[in-house]
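Worksheet: the structure to be examined is printed underneath.
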Amino acid sequence: MTRHAGAVPRDEANAIYVHSVPAEAPWSRRLRRGQTLRIVDSEGQQAVDALLYNADDPSERYSAQDTLRTQGSAYVQLGTKLISNRDRVMATITADTCGQHDTSAGCCSCESNAVRFGEATKYQHACRENFILELSRYGLSKRDIVANLNFFMNVPIDPKGNFTVVDGISAPGSHVEITAEMDLIFVISNCPQVNNPCNGFNPTPVQVLIWD
């Protein structure tokens with residue numbers, strides 16, 4: 001059952017935008033304040049990395065540290081307010097059928113692949129490269145990549161603060177909805193990682209829908 005924060009479940013037929021993001025691909029769009037983005041894990045166990053920027057001033061962007069500090073929680077979940085580096089609310093999680101989402105483990109890169117999985121994996125496609133490609137559309141670069149959200153990614157944290165990526169818990173059709181509290185640039189990397197279980201070792205497509 002979808003869990004909504006004081007909202008009536010949205011009718012897909014009323015969405016103003018519907019798009020399938022291919023496995024391993026990036027995606028982005030400008031969201032107006034009040035619009036809601038739904039990300040659907042179409043086949044299950046697929047991590048979706050995300051970054052948010054103020055559309056009017058991209059130097060204001062999502063802050064994982066401020067989001068966790070403000071919420072007093074190690075995870076992003078229903079009701080979480082996504083906080084910027086200027087301590088303002090950028091967006092709110094208004095529906096969630098998964099349960100919790102990571103914002104501590106960061107995104108994969110060619111360099112981290114080589115360190116973690118061996119030099120032979122260095123040139124495999126990675127989320128950081130997806131972000132660079134998509135950010136270039138807005139005049140941004142790799143210097144603008146910050147600690148990101150990882151929707152659907154399962155990252156347990158033990159009592160000592162250690163964490164690792166394990167098998168995902170999202171079922172086919174699981175979704176999360178994010179309602180913009182300011183005009184945003186919302187950037188996604190449909191994670192291409194095949195060396196850890198965040199994608200079940202098999203990257204798959206996701207769907208994005210937007211409502212006014």
Side-chain angles (χ1 to χ4, degrees), residues 2-44 46-56 58 60-64 67 71 75-84 88-103 107 127 130-131 133-135 137-138 140 144-153 168 170-191 204-212:
T2 304
R3 288 168 289 177
H4 287 262
V8 175
R10 293 177 176 83
D11 184 349
E12 293 186 17
N14 295 329
I16 63 166
Y17 176 87
V18 180
H19 178 70
S20 180
V21 182
E24 306 185 16
W27 173 89
S28 67
R29 192 169 175 92
R30 292 180 182 268
L31 295 181
R32 295 195 306 273
R33 181 179 180 183
Q35 287 187 323
T36 295
L37 168 68
R38 176 186 290 177
I39 304 171
V40 183
D41 187 355
S42 303
E43 299 183 26
Q46 174 62 41
V48 179
D49 295 38
L51 292 168
L52 292 76
Y53 301 83
N54 180 334
D56 297 319
E60 181 174 17
R61 64 275 309 266
Y62 174 71
S63 170
T67 296
Q71 309 308 315
Y75 299 102
V76 170
Q77 52 202 350
L78 181 66
T80 296
K81 297 183 183 302
L82 306 180
I83 307 299
S84 78
R88 297 202 301 161
V89 179
M90 304 188 79
T92 303
I93 306 299
T94 48
D96 179 24
T97 65
C98 180
Q100 64 185 30
H101 309 270
D102 167 69
T103 192
C107 67
C127 285
N130 270 346
F131 283 149
L133 287 170
E134 206 62 25
L135 288 173
R137 299 178 55 201
Y138 305 95
L140 303 173
D144 297 293
I145 298 174
V146 295
N148 61 285
L149 274 159
N150 292 305
F151 290 112
F152 309 115
M153 198 162 89
S170 55
S174 291
H175 69 261
V176 60
E177 292 180 5
I178 307 99
T179 299
E181 306 288 355
M182 63 173 67
D183 290 351
L184 296 174
I185 299 169
F186 202 104
V187 184
I188 280 175
S189 170
N190 192 15
C191 183
T204 53
V206 298
Q207 188 181 45
V208 290
L209 304 91
I210 296 173
W211 286 265
D212 278 332

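What you see is a predicted model, and the numbers here were worked out from it, not measured in a lab.
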| query | Where do Tyr75 and Thr80 land on the side-chain hydrogen bond (donor to acceptor under 3.5 Å, both in side chains) test, with the steps shown first? | reply | CA-CA 9 Å; Tyr75 299 102; Thr80 296; over 6 Å; no
| Which heavy atom in Leu140 sits nearest to a heavy atom in Pro58, and how many Å separate them? | CD2-CB, 3.9 Å
| request: State which residues pass side chain to side chain donor-acceptor pair (under 3.5 Å) with Asn150; sequence neighbours excluded, sorted by chain then number. | output: Asp102, Asn148
| task | Could you please spell out the steps behind the side chain to side chain contact (heavy atoms under 4.5 Å, CB included) verdict for Phe186 and Arg30? | result | CA-CA 6 Å; Phe186 202 104; Arg30 292 180 182 268; over 6 Å; no
| request: Not counting sequence neighbours, which residues clear salt bridge (charged side-chain N to carboxylate O under 4.0 Å, His left out) with Glu12? List them please. | output: Arg38
| field | Partner set under side chain to side chain donor-acceptor pair (under 3.5 Å) for Tyr62, not counting sequence neighbours | value | Thr103
| remark: Residue set satisfying side chain to side chain contact (heavy atoms under 4.5 Å, CB included) with Tyr17, at least two apart, ordered chain then number -> His19, Trp27, Arg29, Val208, Ile210
| What residues, two or more places apart in sequence or in another chain, satisfy salt bridge (charged side-chain N to carboxylate O under 4.0 Å, His left out) together with Arg32? | Asp212
| request: With sequence neighbours excluded, tell me which residues meet salt bridge (charged side-chain N to carboxylate O under 4.0 Å, His left out) with Arg137. | output: Glu134
| remark: Closest non-hydrogen contact found for Val187 with Leu135 is CG2-CD2, 4.0 Å
| request: State whether a side-chain donor-acceptor pair under 3.5 Å links Gln35 with Thr179. | output: no
| said: Test your reading of the model: is there a side-chain donor-acceptor pair from Tyr53 to the backbone of Tyr138, 3.5 Å cut-off? | reply: no
| remark: For Glu43, the side chain to side chain contact (heavy atoms under 4.5 Å, CB included) test, sequence neighbours excluded, returns Thr204, Pro205
| request: Verify side chain to side chain contact (heavy atoms under 4.5 Å, CB included) between Glu181 and Thr92, making sure each step is shown before the conclusion. | output: CA-CA 7 Å; Glu181 306 288 355; Thr92 303; 2.8 Å; yes
| note | Heavy-atom closest pair (Asn190 atom, Val21 atom, distance to 0.1 Å) is ND2-O, 3.3 Å
| Beyond-backbone contact of Thr97 with Val176, side-chain heavy atoms, under 4.5 angstrom | no
| Ser63: side chain to side chain contact (heavy atoms under 4.5 Å, CB included) partners, not counting sequence neighbours | Gln65, Asp66, Asn85
| Going by heavy atoms in the side chains, are Ser170 and Gln46 under 4.5 Å from each other? | no
| said: Do Ser189 and Asn130 pair up side chain to side chain, a donor and an acceptor below 3.5 Å, judged on atom types alone? | reply: yes
| field | All salt bridge (charged side-chain N to carboxylate O under 4.0 Å, His left out) counterparts of Asp183, not counting sequence neighbours | value | none
| Between Ala50 and Phe151, what is the shortest heavy-atom contact and its length? | CB-CE1, 3.7 Å
| request: Tell me, please, which residues at least two apart from Phe152 pass ring pair (Phe, Tyr, Trp, His ring centres under 6.0 Å). | output: His101
| In Å, rounded to the nearest 0.5 Å, how long is the span from CZ of Phe131 to CG of Leu51? | 4.0 Å
| query | Can you check side chain to side chain contact (heavy atoms under 4.5 Å, CB included) on Ile39 and Glu177, steps first, answer last? | reply | CA-CA 6 Å; Ile39 304 171; Glu177 292 180 5; over 6 Å; no
| request: Please identify each residue that fulfils side chain to side chain contact (heavy atoms under 4.5 Å, CB included) with Ala91, with sequence neighbours left out. | output: Leu52, Leu82, Ile178, Leu184
| task | Kindly write out the residues that satisfy side chain to side chain donor-acceptor pair (under 3.5 Å) with Glu60, not counting sequence neighbours, or none if the list is empty. | result | Asn54, Ser84, Arg88
| query | Should Asp49 and Ile188 count as side-chain neighbours, where that means a heavy-atom distance under 4.5 Å? | reply | no
